Amino acid sequence: MSISIQQVQHSRLSGIDFNNLPFGKICSDHMFVMDYVDGAWQEGKIVPLSNFSIHPANLTLHYGQSIFEGMKASIHNDGTPLLFRLDKHVERINASADRMCMPQISSETFCNAIETLVDLDKGWIPPTDGSALYIRPYMFATDEFIGVRPSETYKFVIFTCPVGPYYAAPVSLLAAEKYVRACDGGVGEAKTAGNYAASLYPAKEAKEKGYDQVMWMDPVEFKYIQEVGTMNIFFIMDGKAYTPDLNGAILKGITRDSVITILKEKGVEIVEAPLSKDQVLAAHREGKLQEVFGTGTAAVVSYVNKIAFGETIIDLDPDNYILGPYLKNYIADLRSGDREDNHGWVQRVLDKATVPV
Ligand SMILES: Cc1ncc(COP(=O)(O)O)c(C=O)c1O
């Protein structure tokens with residue numbers, strides 16, 4: 001089904017410097033908007049990026065009924081936009097919607113909207129290596145009501161931002177000892193706004209202590225590792241890759257899933273199980289802790305150079321990492337179309353946006 005498109009009169013594209021793209025600050029020309037009313041999604045449309053008008057009693061502003069996704073489009077050197085693991089993002093937004101009492105979106109609607117929007121604004125995909133068009137689909141409650149209950153109306157929106165290469169420096173982590181991100185039965189597995197709001201204060205404290213990010217631990221004993229900021233985490237110990245199992249409190253990272261597949265194919269043994277700080281500290285003492293890195297859409301693979309478990313500090317040297325750089329390059333090359341896609345993860349976007357002239 002084709003989506004109605006109202007194009008901008010004047011594109012802002014010519015004023016954009018692709019060599020200077022701060023993450024998340026510049027938005028492309030258009031956005032997709034679709035409303036849920038009377039128990040059904042109405043026809044979605046693509047319109048010029050513009051502000052919403054919000055009622056003071058909007059449910060989201062008070063009770064946080066809001067979910068989102070994050071993915072990237074790259075441009076192949078033949079000019080075709082490429083999307084990465086779109087099916088997994090549909091699966092995850094619907095799992096988040098389910099947990100937050102929000103309506104499902106069909107895979108057809110979600111994919112069609114993203115493909116059409118990306119095709120229309122493909123001129124906004126930076127061609128530089130490592131750059132991409134960040135895609136932000138999200139859904140929020142739009143009922144005007146004071147009182148805690150699921151909204152009866154919603155807005156689903158997708159907008160995009162050109163982002164520069166994420167050559168992030170290695171990160172230092174402070175293992176949580178007081179604050180928690182998620183617990184059994186909570187909403188840790190949902191990509192919902194409140195999880196990020198709750199992380200702000202502990203992250204601020206970690207920064208004040210000189211650390212880049214908090215490493216979340218289990219909420220009972222602060223013994224088992226969960227994840228970091230907007231990344232899942234991997235420890236390479238004695239040649240094996242350890243990552244916390246998906247126990248309901250951890251976001252089901254799509255990069256995490258890709259990394260597990262790639263490592264398995266490389267013959268690396270994967271241990272997806274509860275991972276305690278004692279295991280990591282013992283491996284460190286025995287000289288078996290080889291690499292620690294986070295995985296996520298934004299940074300792809302982000303190397304860790306220091307972890308503090310209370311008074312015990314582990315220093316690591318990412319210059320000696322082998323698997324981290326291998327994975328980072330592998331995924332970057334797949335996303336840009338420079339590596340053959342044996343997994344069916346990369347999708348070409350072919351002329352979707354038929355613009356009226
Ligand atoms: C809390 C959290 N964990 C992990 C991730 C990594 O997920 P993905 O690899 O799907 O980007 C993200 C980013 O979406 C996140 O917000």
Side-chain angles (χ1 to χ4, degrees), residues 23-24 64 66-74 83-97 99-100 110 114 132-139 158 160-161 163 166 168 171 173 176 179-183 186-203 206 212-219 224-235 241 243-263 272 275 292-304 324 327-328 330-332 334-335 343 345-346:
F23 200 97
S66 164
I67 55 173
F68 65 98
E69 271 303 314
M71 64 190 87
K72 280 176 176 169
S74 336
L83 296 169
F84 191 70
R85 309 205 69 181
L86 198 46
D87 55 332
K88 283 275 172 196
H89 289 281
V90 186
E91 216 176 86
R92 191 167 66 186
I93 200 166
N94 278 325
S96 299
R99 180 65 180 83
M100 302 307 291
F110 187 91
I114 289 191
L133 189 69
Y134 186 81
I135 306 169
R136 170 51 58 91
Y138 65 110
M139 191 199 302
I158 310 170
T160 64
C161 305
V163 294
Y166 203 95
V171 290
L173 308 180
Y179 299 107
V180 301
R181 175 186 178 273
C183 59
V187 294
E189 202 174 64
K191 210 160 160 54
T192 185
N195 282 330
Y196 299 85
S199 74
L200 297 176
Y201 187 81
D212 296 313
Q213 305 231 13
V214 177
M215 183 162 72
W216 300 108
M217 306 296 287
D218 80 84
Y224 294 97
I225 295 163
Q226 291 185 330
E227 60 182 315
V228 171
T230 57
M231 298 188 294
N232 296 108
I233 188 139
F234 285 77
F235 292 76
T243 193
D245 58 325
L246 299 172
N247 58 5
I250 294 171
L251 195 82
K252 286 186 180 171
I254 292 162
T255 320
R256 174 190 184 277
D257 184 76
S258 310
V259 159
I260 289 175
T261 304
I262 297 165
L263 287 178
E272 270 186 273
L275 176 62
V292 183
F293 49 81
T295 64
T297 296
V300 186
V301 173
S302 179
Y303 312 136
V304 174
L327 291 161
K328 195 175 179 113
Y330 190 118
I331 295 175
L334 256 186
R335 278 193 174 145
H343 305 93
W345 288 347
V346 180

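It should be emphasised that the depicted structure is a prediction, and the values quoted were computed from it without experimental measurement. First listed ligand is number 1; within each ligand, the first listed atom is number 1. We count residues from 1, following the sequence as given.
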Residue-ligand contact K252/ligand 1, heavy atom below 4.0 Å: no
Proximal ligand 1 atoms for G296, defined as those under 4.0 Å from one of its heavy atoms: 6 (C), 9 (O), 11 (O)
Residue and atom name of the nearest protein heavy atom (relative to atom 11 (O) of ligand 1), distance in Å to one decimal: T297 OG1, 2.6 Å
Distance from atom 5 (C) of ligand 1 to nearest protein heavy atom, with residue and atom: T230 O, 3.2 Å
Residue that, paired with D257, satisfies side-chain hydrogen bond (donor to acceptor under 3.5 Å, both in side chains) out of K88, R85, K252: R85
Check against side-chain hydrogen bond (donor to acceptor under 3.5 Å, both in side chains), Y196 and K191: CA-CA 9 Å; Y196 299 85; K191 210 160 160 54; 3.1 Å; yes
Test: R256 and E272 ion pair at under 4.0 Å: yes
Protein contact of atom 9 (O) of ligand 1 - nearest heavy atom, named by residue and atom, plus distance: T255 OG1, 2.6 Å
Euclidean distance, N94 CG relative to H89 NE2, rounded to 0.5 Å: 13.0 Å
Closest approach of any protein heavy atom to atom 14 (O) of ligand 1, naming residue and atom: K191 NZ, 2.7 Å
Sub-4.0 Å atoms of ligand 1 with respect to non-hydrogen atoms of G253: 7 (O), 8 (P), 9 (O), 10 (O)
Protein contact to atom 3 (N) of ligand 1 [nearest heavy atom, distance to 0.1 Å]: E227 OE1, 2.5 Å
R181 side-chain N/O to I250 backbone N/O, donor-acceptor pair under 3.5 Å: no
Where ligand 1 meets T295 - atom numbers and elements under 4.0 angstrom, heavy-atom basis: 6 (C)
Reported NZ-to-CG distance for the pair K72 and L133, which is rounded to 0.5 angstrom: 11.0 Å
Region of I250 that comes within reach of ligand 1 [heavy atoms, distance under 4.0 Å]: neither
Pairwise distance CD1(I262) to NE2(H343) - rounded to 0.5 angstrom: 6.0 Å
Per-residue contact class, E69 against ligand 1 - non-hydrogen pairs under 4.0 Å: neither
Candidate pair Y134 and R136, rule side-chain hydrogen bond (donor to acceptor under 3.5 Å, both in side chains), full reasoning: CA-CA 7 Å; Y134 186 81; R136 170 51 58 91; 2.9 Å; yes
R181 near ligand 1 by a heavy-atom separation under 4.0 Å: yes
Aromatic contact, F293 with F234 (centres under 6.0 Å): yes
Candidate pair F235 and T243, rule side-chain contact (heavy atoms from CB on, under 4.5 Å), full reasoning: CA-CA 6 Å; F235 292 76; T243 193; over 6 Å; no
N232 neighbourhood, listing ligand 1 atoms whose heavy-atom distance to it stays under 4.0 Å: 4 (C), 6 (C)
Contact check: G70 vs ligand 1, nitrogen or oxygen atoms, below 3.5 angstrom: no
Which segment of L251 sits under 4.0 Å of ligand 1 when only heavy atoms are counted: side chain
G229 near ligand 1 by a heavy-atom separation under 4.0 Å: yes
N195 side-chain N/O to V187 backbone N/O, donor-acceptor pair under 3.5 Å: yes
Geometric N/O contact Y196 with ligand 1, under 3.5 angstrom: yes
